[in-house]
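As structure tokens, the structure follows; a few thoughts come after it.
First listed ligand is number 1; within each ligand, the first listed atom is number 1.
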Amino acid sequence: MRMKRLSTFVIAAALCLALPIQATAAKIVIDPGHGGSDPGAKGVNGIYETTVNHDIANKLKAELLQRGYEVVMTKEDAGLYMSLQDRVEKTKAAAADLFVSVHANAYPSSSAVKGSLILYYDNQYPQWSYPASAEMSTLTPENKKLAQSILDHLVAAAGTVNKGLVPSAAYVVRMGNIPSVLVETAFLTNWEDAGRLADDQARGTMAVGIANGIEAYLPSVFPDLAGHWARDAVLRVRDRNVIQGENNRYSPDRKLTRAEFITMMSRVFDFSKLPSIASSVNDSSTVTDATYTDKKTFADMKSSHWAASIMAEAIRLGIIDGYEDNTLRPDRAISRGEVAVIFDRFMSGMAGVNPENPVTPDLRKKLGYLYFTDVPYKLWSAQSINHLYELELIEGTDSGRYAPDQGMSRAEIAAVIDRYYSKQPSEAKQ
Ligand SMILES: [Zn+2]
């Protein structure tokens with residue numbers, strides 16, 4: 001498949017545009033343990049578990065809402081009884097991301113036992129008479145990570161003793177279909193812990209600790225980045241308003257489209273600061289088969305497309321061309337080679353010069369390629385790929401290839417942009 005390359009760049013005012021955003025935050029189910037006819041454990045100081053659980057749960061809800069999460073409570077009223085089955089059914093119906101049940105512990109045979117612990121389902125420790133749901137039996141690694149994160153942050157915030165993680169077949173952590181934990185905040189049978197649980201401020205601190213643990217495991221924005229290698233880079237670039245998700249999902253492993261890439265570039269590079277790019281690119285020998293077209297309309301570019309205005313602007317400015325069949329293919333994946341060329345040209349425009357290629361034609365013939373075995377010198381994108389590699393903005397595959405014809409994922413472009421920002425002189429001084 002042959003596409004027309006960029007033709008010219010011209011000076012332009014910064015483009016104002018917005019993607020449609022429907023904020024749908026990560027959704028957390030909070031389940032306050034016990035209630036109604038089942039008050040749970042009774043503290044040495046007379047306080048009942050269900051009272052403590054509901055208060056911490058409500059404080060946790062407020063904390064999570066403040067941090068941008070969506071919250072579903074299995075129940076809000078400590079006076080109401082709710083079966084374990086109903087709690088799990090309500091959780092499933094909520095189509096949430098995480099389930100957190102809030103309890104307080106009791107160990108009647110010794111008042112010395114104190115601290116926080118977390119129950120979670122672990123298929124390394126199955127209880128044969130209490131089989132887990134099919135979904136939960138695959139979620140052990142996530143259950144464990146969530147449990148550890150909440151435990152670490154709870155103990156750090158509340159100052160309780162760390163009693164560790166406990167594999168458990170408790171119904172609410174065993175029968176659901178999302179990562180689930182049961183938090184045992186502290187022991188009502190220990191005087192010190194019971195004092196904490198009876199104290200409004202200490203309960204607030206516990207809620208903050210649990211919220212910290214949830215947030216460290218699953219950020220309220222782009223929850224589909226949990227555990228992803230590019231998470232930090234994506235969040236940094238997001239903070240610069242360069243990238244956005246859809247319905248609060250980033251879809252890091254989806255291929256980057258042409259419309260998405262041009263939109264990102266318009267945010268990274270201030271077009272009004274590119275005075276020399278038009279002349280430098282016109283003279284560039286890398287534009288081997290560019291064919292300028294005056295066509296302003298494209299068969300596949302509807303005015304209702306979310307990127308219609310940015311794409312039209314990019315065409316008007318000569319940043320992109322359409323294909324020979326009069327299509328623009330805004331939703332088609334852009335190749336890694338095309339990304340390198342366009343990115344390189346924007347950078348050279350910012351610097352006011354084209355990247356120098358120090359390799360003589362004789363040496364090119366002799367070497368065949370410089371860094372990547374699948375990027376020979378004759379490849380139209382070779383100079384830009386090699387240049388970006390020298391600047392440590394792009395990486396190859398483990399086998400020493402760049403895969404210039406393959407699509408670039410949305411995670412990969414975020415990493416490239418993040419590296420670009422990290423290498424700006426103004427960034428280094430900070
Ligand atoms: Zn309980």
Side-chain angles (χ1 to χ4, degrees), residues 28-61 72-91 98-122 127 130 132 136 143 146-147 150-151 154-155 158 160-176 179-199 202-207 209-211 213-214:
I28 315 295
V29 174
I30 304 175
D31 174 50
H34 311 279
S37 58
D38 164 29
K42 190 181 180 185
V44 285
N45 50 4
I47 194 166
Y48 277 103
E49 186 193 342
T50 187
T51 311
V52 171
N53 296 345
H54 280 75
D55 187 61
I56 294 174
N58 285 325
K59 287 177 162 66
L60 176 59
K61 176 188 177 182
V72 174
M73 304 287 283
T74 54
K75 64 200 282 281
E76 309 236 13
D77 185 352
L80 281 179
Y81 173 82
M82 188 177 197
S83 73
L84 301 177
Q85 288 80 358
D86 285 350
R87 293 167 194 255
V88 170
E89 284 314 307
K90 188 163 181 181
T91 301
L98 300 178
F99 171 90
V100 178
S101 190
V102 178
H103 286 247
N105 222 336
Y107 192 64
S109 50
S110 170
S111 64
V113 176
K114 60 181 180 179
S116 305
L117 58 88
I118 315 266
L119 310 185
Y120 72 104
Y121 178 77
D122 191 325
Q127 294 189 25
Y130 299 99
M136 194 58 74
N143 293 336
L146 173 63
I150 292 179
L151 182 65
L154 171 60
V155 166
T160 47
V161 170
N162 188 331
K163 296 285 285 176
L165 304 185
V166 181
S168 164
Y171 190 89
V172 293
V173 298
R174 174 169 58 87
M175 296 307 289
S180 302
V181 295
L182 190 155
V183 181
E184 295 282 10
T185 48
F187 279 81
L188 281 161
T189 42
N190 172 268
W191 276 101
E192 187 190 334
D193 271 8
R196 273 194 181 91
L197 292 168
D199 181 71
R203 291 199 293 242
T205 308
M206 287 176 168
I210 295 169
I214 290 170

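Rounded to the nearest 0.5 Å, atoms OG1 (Thr160) and CD (Glu192) are 9.5 Å apart. In this structure, NE2 on His103 lies 6.0 Å from CG on Asp31, to the nearest 0.5 angstrom. Between atom CG of residue Leu151 and atom CG of residue Leu117 there is a gap of 8.0 Å, rounded to the nearest 0.5 Å.
Residue-and-atom listing of protein N/O/S atoms under 2.8 Å from the Zn ion (ligand 1), sorted by chain and number: His34 NE2, Glu49 OE2, His103 ND1.
Residues forming a side-chain hydrogen bond (donor to acceptor under 3.5 Å, both in side chains) with Lys59 (at least two apart in sequence, or on another chain): Asp55, Asp200.
Counting heavy atoms of neighbouring residues, nucleotides and ligands inside a 6.0 Å radius, atom NZ of Lys90 exceeds 12 of them.
Applying side chain to side chain donor-acceptor pair (under 3.5 Å) to His54 and the options Glu76, His34, Lys75 leaves one that passes, Lys75.
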